[in-house]
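In what follows, chains are A, B, ... by sequence order, proteins preceding strands, each numbered from 1.
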Number of protein chains: 2
Amino acid sequence: MFLSRSTNTLDAKGRISVPADFRSVVSAKSQSGVPADADGFDGIIVWPSFDGPYLEGGGIALLRDYQALLENMDPYDDARIAFERAIFAESRRLSFDANGRVSLPKELAEYAQLNGQVTFIGLGRRFEIWSPKNYEALAVNAREMARENRHRLRLVGRPNPPSQGGGL
Amino acid sequence: MFLSRSTNTLDAKGRISVPADFRSVVSAKSQSGVPADADGFDGIIVWPSFDGPYLEGGGIALLRDYQALLENMDPYDDARIAFERAIFAESRRLSFDANGRVSLPKELAEYAQLNGQVTFIGLGRRFEIWSPKNYEALAVNAREMARENRHRLRLVGRPNPPSQGGGL
DNA sequence: TTGTATCCCATAAAAACCCATGCTATCCCC
DNA sequence: GGGGATAGCATGGGTTTTTATGGGATACAA
């Protein structure tokens, strides 16, 4: 699960360290020692958001989830085709180097207006990559809006666990 | 999984470099060192789309998937016969040369209005081959339409797994 | 011959790989 | 609990490998 927020440096070669937390999410090995992902890909997948000047990303498992979702739609549904083109076609496989960095293609960096500093935002199943400046503005609103909508934050599901502390 | 988009050159001899990403998708070897594809074919399979002036393609695994799909239809269903003729009969096996290129038959290049530059579009299980000009227009629409329909892109919550990493 | 298809080689640019260095958090031993 | 050893992380920079592409040589067929 992608959690937390951290800002790293985009160096002159276009490389950036993926937060160690994030790396361990995507490169979780199975017991056999083989990567959990069937195709042995060790890295992240990133594409330009279609909702603003930032990037979205996740592990290959996320892409498979999207694939499953899309494959349940009509093959020639316009929305499906649009999603395929906006996500699959625009995404890039970025694999980790020995130090846990990826090199970010220039056009993605430009799309997200990144130069120098880059902020990773963990959002559970996926994450976002922002220019720190652009993100600042949103972050303040988020807490306010969350407060206004706090009544909708109702957990469902798990029956009461044996005892120990519940809560958020 | 075919991901990303890239534009390569179609040279005077009708050859074109298949993006390295795509090559590694289709020529993934099994642990034994033998090609995963039973028949040892190392290349891609391409046919003219029946939905526009572009080509569709994939690995031999994709063709097998289509075969399985069609074999579940009535043998004399007109649609089945049409699909078989439009896909199987029109497709070409293009094998990689030592540098990862294939040579694209002229009639396919003409069908997709290719000259000089060629764009490969990764779409998960399959890919498409477009004239860059023709695709450009679609790409901008795709992002807009994806944005308009983004509420449909909802990943279902994974059921609570025993313990380790669940969904958001 | 004239194309056409295959194979081989050369090369520039880009990507991947390797090594080194501060810095921080953690561990462990006394 | 202090303090040094240790390990992991983020970062910089050089070097090697891969990739995409052009072009020559060879074999075969129309």
Inset, instruction - Specify the residues of residues 126-135 of chain A, ordered by number, for which at least one heavy atom lies under 4.0 angstrom from an atom of DNA chain D. - result: none

Legend entry - Residue Arg152(B) excluded, over 12 heavy atoms near CZ under 6.0 Å: yes

Legend entry - OH/Tyr76(A): more than 12 non-hydrogen atoms of other groups inside 6.0 Å: yes

Inset, instruction - Using a 4.0 Å heavy-atom cut-off, write out nucleotides 17-24 of chain D from 5' to 3' as B (base contacted by protein), S (sugar-phosphate only) or - (no contact). - result: --SSBBBB

Inset, instruction - Looking at every strand, decide which applies to Lys106(B) at a 4.0 Å heavy-atom threshold: base, sugar-phosphate, or nothing. - result: sugar-phosphate

Inset, instruction - Describe, as an angle rounded to 10 degrees, how the axis at the first end of the helix from dG3(C)-dC28(D) to dC30(C)-dG1(D) is tilted relative to the axis at the last end, five pairs per end. - result: 40°

Inset, instruction - Verify, without hydrogens or angle tests, whether Arg80(A) (side chain) and Met73(A) (backbone) share a donor-acceptor contact under 3.5 angstrom. - result: yes

Inset, instruction - Using atom types as modelled and distance alone, determine if a side-chain donor or acceptor of Asp77(A) lies under 3.5 Å from a backbone N or O of Ala79(A). - result: yes

Inset, instruction - Taking the side chain as every heavy atom from C-beta outward, state whether Thr7(A) and Thr119(A) have any atom pair closer than 4.5 Å. - result: yes

Inset, instruction - Provide the full list of side-chain hydrogen bond (donor to acceptor under 3.5 Å, both in side chains) pairs with a residue in residues 126-146 of chain A, sequence neighbours left out, each pair given once. - result: Glu56(A)-Arg126(A), Gln113(A)-Asn134(A), Arg126(A)-Glu128(A), Glu128(A)-Trp130(A)

Inset, instruction - Would you mind telling me which residue lines up with the more 5' stretch of DNA chain C, Ala98(B) or Ser95(A), judged by nearest nucleotide? - result: Ala98(B)

Legend entry - Opening and closing nucleotides of DNA chain C in contact with chain B, under 4.0 Å to non-hydrogen atoms: dT4(C) to dA10(C)

Legend entry - Close side-chain approach of Arg147(B) to Asp51(A), heavy-atom, < 4.5 Å: yes

Inset, instruction - Report yes if the side chains of Ile129(B) and Tyr54(B) come closer than 4.5 Å at any heavy-atom pair, otherwise no. - result: no

Legend entry - ring pair (Phe, Tyr, Trp, His ring centres under 6.0 Å) partners of Phe88(A), counting only residues at least two apart: none

Inset, instruction - Let me know which of Glu84(A), Glu107(A), Glu90(A) forms a salt bridge (charged side-chain N to carboxylate O under 4.0 Å, His left out) with Arg5(B). - result: Glu90(A)

Inset, instruction - Report the distance from atom CD1 of Ile60(B) to atom CZ of Arg93(B), rounding to the nearest 0.5 Å. - result: 4.5 Å

Legend entry - Point-to-point distance, once rounded to the nearest 0.5 Å, from CG of Leu55(B) to CZ of Arg92(B): 11.5 Å

Inset, instruction - Please examine the side chains of Val25(A) and Phe127(A), heavy atoms only from C-beta on, and report whether any two atoms are closer than 4.5 Å. - result: no

